[in-house]
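What follows is a set of notes on a single structure, which appears directly below.
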There are 2 protein chains.
Amino acid sequence: MASDADDLAFDVFSRQCPSRSTLEHVTGRWGSLTLGALYEEGLRFNALRRRVDGVSEKMLSQTLHALERDGLVLREAQPVSPPRVDYELTPLGREVAERLLGLIRLVEGRMDDVLTARSRYDETRGGR
Amino acid sequence: MASDADDLAFDVFSRQCPSRSTLEHVTGRWGSLTLGALYEEGLRFNALRRRVDGVSEKMLSQTLHALERDGLVLREAQPVSPPRVDYELTPLGREVAERLLGLIRLVEGRMDDVLTARSRYDETRGGR
DNA sequence: CAGGATCCGTCTTGATACTG
DNA sequence: CAGTATCAAGACGGATCCTG
């Protein structure tokens, strides 16, 4: 009864659990946005880069590798010239992205509340 | 029809949207675990630190400040000695934590798949 | 176009020590 | 107990050059 996770094989709250790293890939700064973007439609590298405003090539590449390794993203390279590589979600990636998108929409939809809380907080502490 | 977010006031995919920073606080390495831990029960600073295995005092403190500022966490300091400060979720924080926990449980529950994908990936590229 | 490799400055992290 | 201050190490991010 100590916690809901006691009967799970993988407990993300524990430091060395492998699920922790996956959660970090998924919720990481670029991971969440990448999965969110791919949920809408499969995209090519540069299209994805444009959609996820602010990622560098390096970070996007790194993020995609991690997600592909975790089995969340599928990479399909077509041997044509110029090269064409499509990224899309796997079924598991799709499930993850759904939850993520739910979270994203919730945050987006409640930003007024957040902004209000922010200014109230800042007033109280004299904007430090 | 380009994207689902076109009709939203806040678009997290855009670099300068304030919702992006909130999403980062929420999904950040420690933010997600902190919210997840507080969903189960309100906790004091050090109890929280023990629950979220691996956080440093500094990071936990920083994380809590950010979440409090965003209106997701409530900080209740009691003027007693020794000091006692309880942290708990606000209603909005609770909603966010629910989604987060859904995501966490999904990841935990599918780690077998992830681990399988990982080893398959590593084999293919010669374990790099 | 799709990225890997490298250099380098900056921001984040995590111990550790210290305060109320 | 509940934090803040400090400092060193490493992760991160950007720019650039290069390959296929």
Side-chain angles (χ1 to χ4, degrees), chain A residues 13-16 20-21 23-34 37-38 41-69 73-88 121 124-126 128, chain B residues 15-16 20-21 23-34 37-38 41-69 73-88 121-122 124-128:
Chain A
F13 287 102
S14 174
R15 197 194 322 215
Q16 48 243 313
R20 180 102 139 212
S21 63
L23 185 69
E24 278 169 22
H25 296 155
V26 166
T27 62
R29 171 140 54 186
W30 303 119
S32 57
L33 296 175
T34 301
L38 286 178
E41 51 180 341
L43 289 171
R44 301 173 61 178
F45 189 83
N46 280 310
L48 199 48
R49 190 152 133 60
R50 259 169 267 124
R51 180 80 178 101
V52 181
D53 190 26
V55 235
S56 65
E57 293 183 359
K58 190 168 109 180
M59 283 303 102
L60 181 56
S61 174
Q62 205 169 102
T63 300
L64 285 169
H65 279 310
L67 295 177
E68 187 194 353
R69 192 168 99 100
V73 160
L74 206 62
R75 189 193 122 106
E76 291 181 288
Q78 293 170 45
V80 299
S81 183
R84 178 186 179 95
V85 182
D86 283 88
Y87 290 94
E88 55 184 81
Y121 181 95
T124 305
R125 336 255 149 161
R128 81 151 301 231
Chain B
R15 195 194 323 215
Q16 47 243 314
R20 180 102 138 213
S21 64
L23 186 70
E24 278 168 23
H25 297 154
V26 166
T27 61
R29 170 142 54 184
W30 304 118
S32 57
L33 296 174
T34 301
L38 286 177
E41 52 180 341
L43 289 171
R44 300 173 61 178
F45 189 84
N46 280 311
L48 199 48
R49 190 152 134 58
R50 258 170 267 125
R51 180 81 178 103
V52 180
D53 190 28
V55 232
S56 65
E57 295 181 356
K58 186 169 120 183
M59 283 303 102
L60 181 56
S61 173
Q62 204 170 105
T63 300
L64 285 168
H65 280 311
L67 295 177
E68 189 195 351
R69 192 168 100 98
V73 160
L74 205 63
R75 189 193 122 107
E76 290 182 288
Q78 294 170 44
V80 298
S81 181
R84 179 188 178 94
V85 181
D86 283 270
Y87 290 94
E88 56 184 79
Y121 181 96
D122 290 346
T124 305
R125 338 253 147 159
R128 115 162 268 234

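Computed from a predicted structure; not experimentally measured. Order of the sequence lines sets the chain letters (A, B, ...), proteins ahead of strands, with each chain counted from 1.
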Taking only side-chain nitrogens and oxygens of A:His65, does any of them come within less than 4.0 Å of OP1 or OP2 of C:dG3? no

Is any side-chain N or O of A:Arg29 closer than 4.0 Å to OP1 or OP2 of D:dG13? yes

Tell me: CD of B:Glu24 to P of D:dA11, nearest whole Å? 19 Å

Backbone N or O of B:Glu57 within a donor-acceptor pair of the B:Ser61 side chain at under 3.5 Å? no

Go through the N and O atoms of the side chain of A:Lys58 and the base of C:dG4, and report whether any donor-acceptor pair is under 3.5 Å. no

Mark yes or no for whether A:Arg75, through its side chain, and A:Asp86, through its backbone, hold a donor-acceptor pair below 3.5 Å. no

Return whichever of B:Ser61 or A:Met59 has its heavy-atom-nearest nucleotide of DNA chain D closer to the 5' end. B:Ser61

Ignoring backbone atoms, establish whether B:Tyr87 has a side-chain N or O less than 4.0 Å from OP1 or OP2 of D:dG3. yes

If you compare every side-chain N and O of A:Trp30 against the phosphate oxygens of D:dA11 (OP1, OP2), does one of them come in below 4.0 Å? no

For B:Arg75, answer base if it contacts any base atom (sugar-phosphate contacts may also be present), sugar-phosphate if it contacts only those atoms, and nothing otherwise; contact means non-hydrogen atoms under 4.0 Å. sugar-phosphate

Main-chain N/O of B:Val55 paired with B:Arg49 side-chain donor or acceptor, under 3.5 Å: yes

Shortest non-hydrogen pair, A:Leu38 vs A:Tyr87, comes out as CD2-O, 3.4 Å

For atom CG of A:Leu64 and atom P of C:dC1, their distance in whole Å: 17 Å

B:Leu33 atom CG is separated from C:dT13 atom P, nearest whole Å, by 13 Å

Can a side chain N or O of A:Arg15 be found less than 4.0 Å away from OP1 or OP2 on C:dG14? no

Closest nucleotide of DNA chain D for B:Arg44 versus for A:Pro82: which of these residues is on the 5' side? B:Arg44

